[in-house]
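First up is the structure itself, then whatever we jot down about it.
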Amino acid sequence: MPPVARHRTAIGRNSLSAPMAALNAAGLLEDGISVLDYGCGRGDDVRALRAAGIDAVGWDPHFAPDRSVLAPRDIVNLGFVLNVVEDPAERCDVLRKAFDLAERCLAVAVMLVGKGDVSGHRPHGDGFLSSRGTFQRYYTQVELRSLLLETLDMTPIAAGPGIFFVFRDEELEQRVLSRRQMGVGGCRPILSVPRQPSNLASGPSCRQEVLASVRNDLIDLLLTMGRVPHADEIPPDLQMRLADGRLSIKAAIADALSAIPIDEMATATADRADKVGRFFALGAFSGRAPYRRLSPDLQRDIRAFFGSLSAAEGVGRRMLFDAGDMAALAEEAHAHAIAGVGHLSGDKYQVHARDLPKLTPRLRTYIGIAQTLAGTLDGTTIYRVHLASRKLTALLYPDFATSALPRLSERTKVDLRTGEVSIFNHQSDGRVTVLMEKSVYMIEEDERYVDQVKFELELRHLFRDSISNIPFNEVAHAIIKAGLKLPY
């Protein structure tokens with residue numbers, strides 16, 4: 001049999017690949033970082049990173065065979081390489097070589113089961129051969145995690161479906177996990193504000209002008225952190241504005257605090273403490289060994305909210321234990337549904353992603369566990385909590401905001417008992433599944449809410465009050481026959 005043509009699997013891209021985008025979303029592609037794309041294919045990721053000012057190089061046995069670039073780098077990306085190597089032993093060897101070059105973090109991505117069309121392909125080893133002579137091995141999320149754990153003897157972190165990070169740098173790992181679990185965005189633009197010569201007088205009126213100019217930014221920072229920030233947590237542009245106005249950070253923070261209502265600050269503090277507690281809960285769930293050193297910002301959070309590390313870990317363990325109480329979860333889901341937050345149908349509680357902050361800590365931890373197993377469920381429109389089977393389904397409706405009958409694009413199911421993650425593409429085979437009762441996930445202030453409710457009343461009249469679980473072709477036929485028009 002002729003050799004497998006691995007290079008034919010390389011594709012051209014007009015945007016970052018999924019693992020590079022995951023690295024960027026995690027805040028790992030920052031200034032001063034060095035990147036090696038191991039198995040870079042046509043090199044589109046490398047060109048994109050260089051254009052953004054990042055020190056990036058790529059190596060590929062076919063397209064970029066110069067081995068002089070194979071030197072240690074901060075970040076190494078092994079994107080969609082393992083799945084095109086037909087020899088299992090060679091896969092492990094490639095994985096070890098890539099990890100040996102990663103000084104801080106290795107990103108690994110593969111094709112998942114269900115993501116590729118194998119019709120017309122013939123079985124070969126543990127994968128498939130195409131008519132073009134290319135090989136593909138499709139993995140499940142659990143299989144990939146096991147491969148990384150067994151080959152590298154390191155616990156990987158899921159960064160997305162089919163994407164894992166393996167860290168050498170514990171503090172970097174901790175920073176990425178804490179930012180993700182506390183809902184802090186990673187890829188933010190880094191603003192460089194030129195410092196202007198100071199021509200401000202030091203009188204009271206000028207001081208008040210400077211305070212007024214930074215007050216709202218500091219209020220936002222205080223409400224985000226839930227505590228008083230340390231000096232090095234103040235954004236550089238704010239520090240420069242204060243320095244130009246000859247004002248201390250302490251005075252500016254005191255001014256901003258005085259402008260925040262006490263109950264609003266208390267709510268922000270409780271919310272942040274809940275997020276920090278959930279960080280330790282999800283750490284306990286993943287079975288990760290305790291970090292030898294905590295990052296400075298996390299140390300400050302612990303002191304402010306819990307007083308000690310042992311107390312924070314205790315809160316995390318209790319939150320994790322509480323998340324497994326299915327009876328309590330069902331009770332809280334029922335209460336939320338009555339209050340208009342989400343929708344309960346049998347043993348399934350569904351809630352719009354927008355409303356996650358409104359949920360109880362127990363429900364948020366449950367969903368957080370699923371997000372940890374999947375790596376990320378970013379972009380999810382509606383979360384479905386299976387109250388009887390310890391599962392969670394993430395539903396993606398890209399046109400939720402613009403369509404009266406949003407179309408389901410992708411469904412990700414996470415089994416919290418086994419750790420298995422399954423992804424179902426609802427556009428690959430011509431299937432059409434729509435959300436029939438969108439109004440229950442809308443807010444009344446939405447300008448389209450009234451029209452949506454009226455439209456659904458008309459649908460219920462057509463189908464005698466039952467519009468759930470009806471095939472779309474039947475819905476479409478009835479709408480056309482009745483002359484019913486979509487409201488938008």
Apply side chain to side chain donor-acceptor pair (under 3.5 Å) to residues T360 and E332 and explain how you reach the verdict.
CA-CA 7 Å; T360 62; E332 291 173 3; 2.5 Å; yes

So, does S345 use its side chain to make a donor-acceptor pair with the main chain of K348 at under 3.5 Å?
no

Looking only at heavy atoms, which two atoms of T418 and V142 are closest? And how far apart?
O-CG2, 4.2 Å

Do R318 and D322 pass the salt bridge (charged side-chain N to carboxylate O under 4.0 Å, His left out) test, and can you show the C-alpha distance, the side-chain angles, and the key distance before you say yes or no?
CA-CA 6 Å; R318 287 196 297 274; D322 289 345; over 6 Å; no

CG of L177 to CG of L298, rounded to nearest 0.5 Å, is 10.5 Å

Nearest-0.5 Å distance that lies between atom CD in E143 and atom CZ in R137
4.5 Å

Quick one: does any side-chain atom of Y366 pair with a main-chain N or O of K391 as donor and acceptor, under 3.5 Å?
yes

If the condition is ring-ring contact (aromatic ring centres under 6.0 Å, His included), which residues does H352 pass it with, not counting sequence neighbours?
F400

Is it the case that over 12 heavy atoms from other parts of the model lie below 6.0 angstrom from the CG atom of D66?
yes

Look only at the side chain of H336 and the backbone of Y349, and say whether a donor-acceptor pair between them is shorter than 3.5 Å.
no

Are the side chain of R390 and the backbone N or O of D415 linked by a donor-acceptor pair below 3.5 Å?
no

If you define the side chain from C-beta out and look only at heavy atoms, does anything of H426 sit under 4.5 Å from E410?
no

Side-chain contact test, heavy atoms from C-beta onward, threshold under 4.5 Å: evaluate it for L435 versus L405 and give yes or no.
no

Working for salt bridge (charged side-chain N to carboxylate O under 4.0 Å, His left out), residues D301 and R227:
CA-CA 8 Å; D301 283 335; R227 60 172 172 82; 2.6 Å; yes

ring-ring contact (aromatic ring centres under 6.0 Å, His included) partners of Y38, counting only residues at least two apart
W59

Quick one: does D37's side chain have a donor or acceptor within less than 3.5 Å of a partner on G58's backbone?
no

For F306 against A312, the heavy-atom pair lying closest together
CD1-CB, 3.6 Å

Which heavy atom of G162 sits nearest a heavy atom of L112, and at what distance?
N-CD1, 3.4 Å

Cut-off 3.5 Å, side chains only: do S34 and D55 have a donor facing an acceptor?
no

Check this for me: E331, atom CD, are more than 12 non-hydrogen atoms of other residues, nucleotides or ligands nearer than 6.0 Å?
no

Which pair of non-hydrogen atoms, one from I234 and one from P229, has the smallest distance, and what is that distance?
CD1-CG, 3.6 Å

Quick test of your reading of the model: are D44 and R47 salt-bridged, counting only N-O distances below 4.0 Å?
yes

Going from CG on D297 to CE on M225, what distance comes out if it is rounded to the nearest 0.5 angstrom?
7.0 Å

Please walk me through it: do D274 and R364 pass salt bridge (charged side-chain N to carboxylate O under 4.0 Å, His left out)?
CA-CA 10 Å; D274 174 63; R364 290 203 300 273; 2.3 Å; yes

Is there a side-chain contact (heavy atoms from CB on, under 4.5 Å) between V315 and R317 once you walk through the steps?
CA-CA 5 Å; V315 168; R317 287 191 294 270; over 6 Å; no

Output, in order, the C-alpha distance, side-chain angles, deciding distance and verdict of side-chain contact (heavy atoms from CB on, under 4.5 Å) for T433 and R407.
CA-CA 6 Å; T433 304; R407 181 170 176 171; over 6 Å; no

E420 and T140: CA distance, side-chain angles, deciding distance, side-chain contact (heavy atoms from CB on, under 4.5 Å) verdict
CA-CA 8 Å; E420 187 61 77; T140 67; 3.4 Å; yes

Counting C-beta onward and ignoring hydrogens, is there a side-chain heavy-atom pair between V84 and Q136 closer than 4.5 Å?
yes

Would you find a donor on one side and an acceptor on the other, under 3.5 Å apart, between the side chain of T381 and the backbone of L396?
no

Looking at CZ of R145 and OG1 of T155, how far apart are the two atoms once the value is rounded to the nearest 0.5 Å?
6.5 Å

L172 side chain near F165 side chain, heavy-atom distance below 4.5 Å
no

Quick one: does E171's side chain get under 4.5 Å of P296's, heavy atoms only?
yes

Distance-only, no hydrogens or angles: does the K438 side chain make a donor-acceptor pair with backbone N or O of S403 under 3.5 Å?
yes

Here the pair of heavy atoms bringing A159 nearest to A22 is O-CB, 4.2 Å

Any chance you could lay out the salt bridge (charged side-chain N to carboxylate O under 4.0 Å, His left out) test for E30 and R175, step after step, and finish with the verdict?
CA-CA 13 Å; E30 56 190 356; R175 177 157 58 90; 3.7 Å; yes

Sub-3.5 Å donor-acceptor pair from the side chain of R354 to the main-chain atoms of Y441, do we have one?
yes

Show, in sequence, the C-alpha distance, side-chain angles and deciding distance for T412 and L377, and conclude whether the side-chain contact (heavy atoms from CB on, under 4.5 Å) test is met.
CA-CA 8 Å; T412 302; L377 294 174; 4.0 Å; yes

Salt bridge between D87 and R91, side-chain N to carboxylate O under 4.0 Å?
no

Side chains of I163 and V108 in contact at under 4.5 Å (non-hydrogen atoms)
no

Any donor-acceptor N/O pair, E233 side chain to H230 backbone, under 3.5 Å:
yes

Minimum heavy-atom distance between F164 and P156, given as atom pair plus value:
CD2-CB, 3.7 Å

Flag the pair I157 / F167 as yes when at least one side-chain heavy-atom distance between them is below 4.5 Å, and no otherwise.
yes

Spacing of N425 atom CG and L408 atom CG [to the nearest 0.5 Å]:
9.5 Å

Does F424, at its CZ atom, have more than 12 non-hydrogen atoms belonging to other residues, nucleotides or ligands within less than 6.0 Å?
yes

State the CG-CG distance between L23 and L16, to the nearest 0.5 angstrom.
9.5 Å

Going by side chain to side chain contact (heavy atoms under 4.5 Å, CB included), L36 matches just one of V46, L78, L70, I75. Which one?
L70

With no hydrogens and no angle check, is any side-chain donor or acceptor of Q141 less than 3.5 Å from a backbone partner on G419?
no

Are L395 and R384 side-chain neighbours, meaning at least one heavy-atom pair lies under 4.5 Å?
yes

Those residues that, when tested against R50, pass side-chain hydrogen bond (donor to acceptor under 3.5 Å, both in side chains) (two or more places apart):
none

